[in-house]
Structures are given as C-alpha cells and as structure tokens.
Amino acid sequence: MYVIKATNILLPMKTTYTSLLFIAGLFCVTVFSNSCAKADTSTSLPKEEQVVGEWVINRVQLKIYQNGVFVKDTIIKSTPKPKNFVRFGADGGFEYKLNSTVSDIGTYEFGSAATLVTNSSPKTYSWTMITLTDVLFTVVSKGSDPAFPGAYVERYQTFTR
C-alpha cells in the first residue's frame with residue numbers, strides 16, 4: 001500500500017509505521033526493565049550463618065488485642081543508651097539491648113524452620129522469622145506482655161545492618 005503525497009512521490013506506509021512501532025517498543029522495554037529492577041540482597045548461606053553478627057534494632061511495633069478485638073497499633077520510641085542492638089554469636093551467644101543501659105545476655109537456638117528461641121536473663125524471646133537477608137532481619141513474637149495485662153500482643157521487630 002502506498003500513500004500519494006502532495007509532491008506526487010509514493011512513500012511506503014508499512015515501513016514508517018513498523019519503524020516507529022519498533023522504536024516505541026524498545027523504549028518501553030528499556031524503561032520498564034530498569035525501573036522494576038531491585039537489588040538482590042539474599043544470600044545462599046543457611047539461616048544459622050546469616051544471623052551471626054550484630055544487628056541494629058531499627059523498629060519495634062506492637063499490635064495489641066483485647067478479647068480478640070484489635071485495640072491499638074504502636075511503635076515503641078527508640079531511646080538508645082547508647083545503642084539498641086541484638087547480637088548473635090557464632091558460638092550460640094546472644095545479647096539484646098533495647099532502650100536500656102544493661103543487656104539481656106544468654107544463648108540462642110533455632111527451633112522449627114522459622115523459629116528462633118533465646119534463653120537469656122532476665123527475658124526469654126521466642127521469635128518467628130519473617131524476613132532474613134544480609135541487610136534486613138524481621139521477626140514477630142506473639143502472646144501476653146506484662147506491660148499490657150490481659151492483652152494479646154504481637155511484637156514485630158526489624159533489625160538492620
């Protein structure tokens with residue numbers, strides 16, 4: 001198919017549209033592939049090796065329920081003295097310090113596939129792992145909390161390196 005221009009020159013329509021379509025498609029692929037790319041922060045190490053080291057306690061969020069009804073969602077204010085951290089030693093040693101001048105010190109071990117249990121004094125922590133990469137570690141613990149008598153509390157914690 002040809003188009004007749006005012007100058008009486010015949011131009012092929014198919015070639016013009018095909019070229020424009022190709023250029024537009026190439027542009028779209030380039031934009032979408034670059035904008036959706038995310039850095040891979042996963043590692044092939046087992047979780048027992050990935051957790052080893054010191055993690056900064058970045059955030060602690062509480063979801064509080066009374067008699068099965070959600071009543072409050074809050075984030076604990078961070079007041080480091082001098083810093084908030086959790087440390088997992090390669091030898092099974094554990095140290096946890098949040099808004100305090102003293103640390104909870106003890107040991108840790110992995111339970112089932114996604115459970116991490118610490119035996120420390122004065123507190124014991126039982127966490128279910130949510131996310132574990134080389135820069136982000138999130139856990140949740142669920143149950144009663146002495147600060148909220150009679151309530152069921154979900155305590156989400158975010159650790160970063």
Side-chain angles (χ1 to χ4, degrees), residues 22-161:
F22 177 74
I23 291 170
L26 186 59
F27 177 75
C28 288
V29 168
T30 303
V31 168
F32 289 122
S33 66
N34 287 336
S35 65
C36 295
K38 294 182 181 176
D40 183 12
T41 57
S42 63
T43 181
S44 60
L45 294 174
K47 65 183 180 288
E48 293 82 4
E49 292 178 34
Q50 264 186 290
V51 299
V52 172
E54 184 172 297
W55 298 82
V56 174
I57 301 173
N58 192 20
R59 185 171 104 160
V60 178
Q61 178 181 1
L62 304 178
K63 292 188 178 186
I64 303 164
Y65 299 84
Q66 286 282 6
N67 299 319
V69 177
F70 175 76
V71 293
K72 187 175 185 179
D73 186 355
T74 187
I75 295 174
I76 295 178
K77 183 179 179 188
S78 180
T79 55
K81 299 176 185 174
K83 67 179 183 175
N84 294 330
F85 67 92
V86 62
R87 185 177 299 129
F88 300 97
D91 61 352
F94 173 78
E95 183 176 3
Y96 182 89
K97 187 174 181 182
L98 176 66
N99 298 341
S100 176
T101 57
V102 294
S103 297
D104 297 340
I105 298 174
T107 60
Y108 74 96
E109 63 185 359
F110 287 93
S112 65
T115 305
L116 178 63
V117 179
T118 69
N119 299 304
S120 59
S121 179
K123 299 177 185 173
T124 298
Y125 303 93
S126 180
W127 292 321
T128 301
M129 296 187 304
I130 300 171
T131 305
L132 179 57
T133 70
D134 57 348
V135 295
L136 178 68
F137 185 23
T138 56
V139 296
V140 63
S141 59
K142 300 177 180 181
S144 61
D145 188 318
F148 305 97
Y152 177 81
V153 179
E154 294 177 351
R155 183 182 190 100
Y156 294 87
Q157 298 191 60
T158 303
F159 311 135
T160 58
R161 291 198 212 242

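As a basis for the values below, the full set of heavy atoms in this structure was taken, side chains included, without hydrogen atoms, waters or symmetry mates. Given the structure is predicted, the values throughout are model-derived calculations rather than measurements. Positions are given from 1 along the sequence.
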*What residue among Val117, Thr118, Val139, Leu116 forms side-chain contact (heavy atoms from CB on, under 4.5 Å) with Ser126?*
Val117
*asked:* My understanding is that only residues two or more places apart in sequence, or in another chain, count here; which of them pass side-chain hydrogen bond (donor to acceptor under 3.5 Å, both in side chains) with Asp104?
replied: Tyr125
*Are the side chain of Asn99 and the backbone of Lys77 linked by a donor-acceptor contact shorter than 3.5 Å?*
yes
*side chain to side chain contact (heavy atoms under 4.5 Å, CB included) between Tyr108 and Ser120, worked out*: CA-CA 8 Å; Tyr108 74 96; Ser120 59; over 6 Å; no
_Test applied, side-chain contact (heavy atoms from CB on, under 4.5 Å); reference residue, Phe159; option that passes from Val51, Leu136, Leu132, Ile57_ = Ile57
*Assert yes or no for the condition that the ring centre distance of Phe137 to Trp127 is strictly below 6.0 Å.*
no
*Could you give me the CA-CA distance, side-chain angles and deciding distance for Val56 and Lys83, then say whether side chain to side chain contact (heavy atoms under 4.5 Å, CB included) is met?*
CA-CA 8 Å; Val56 174; Lys83 67 179 183 175; over 6 Å; no
*Can you tell me if Lys97 uses its side chain to pair, donor with acceptor, with the backbone of Lys81 under 3.5 Å?*
yes
*Closest contact, heavy atoms only, Gln50 versus Leu45*: OE1-O, 3.3 Å
*Using 4.0 Å as the upper bound for N to carboxylate O, is an ion pair formed by Glu154 and Lys63?*
no
*If you look at every heavy atom in Phe70 and Lys72, which pair is closest and at what distance?*
CE1-O, 3.3 Å
*CG on Leu98 to CG on Asn84, rounded to 0.5 Å*: 4.5 Å
*May I ask you to establish whether Lys123 and Tyr96 are in a cation-pi arrangement, using a distance under 6.0 Å from NZ or CZ to the six-membered ring centre and at most 45° from the ring axis?*
no
_Does Asn67 have more than 12 heavy atoms from other residues, nucleotides or ligands lying within 6.0 Å of its CG?_
no
*Just by modelled atom types, is the Asp134 backbone N or O under 3.5 Å from a matching donor or acceptor in the Arg161 side chain?*
yes
Run the side-chain donor-acceptor check on residues 143-153: report pairs under 3.5 Å with partners two or more places apart or on a different chain.
from, atom 1, to, atom 2, distance (Å)
Asp145, OD1, Ala147, N, 2.9

*Start with the C-alpha distance between Arg155 and Ile76, add both sets of side-chain angles, then the distance that settles side chain to side chain contact (heavy atoms under 4.5 Å, CB included), and finish with yes or no.*
CA-CA 10 Å; Arg155 183 182 190 100; Ile76 295 178; 3.8 Å; yes
*Show your reasoning for whether side chain to side chain contact (heavy atoms under 4.5 Å, CB included) applies to Phe88 and Phe94.*
CA-CA 5 Å; Phe88 300 97; Phe94 173 78; 3.7 Å; yes
*So, does Thr138 use its side chain to make a donor-acceptor pair with the main chain of Thr131 at under 3.5 Å?*
yes
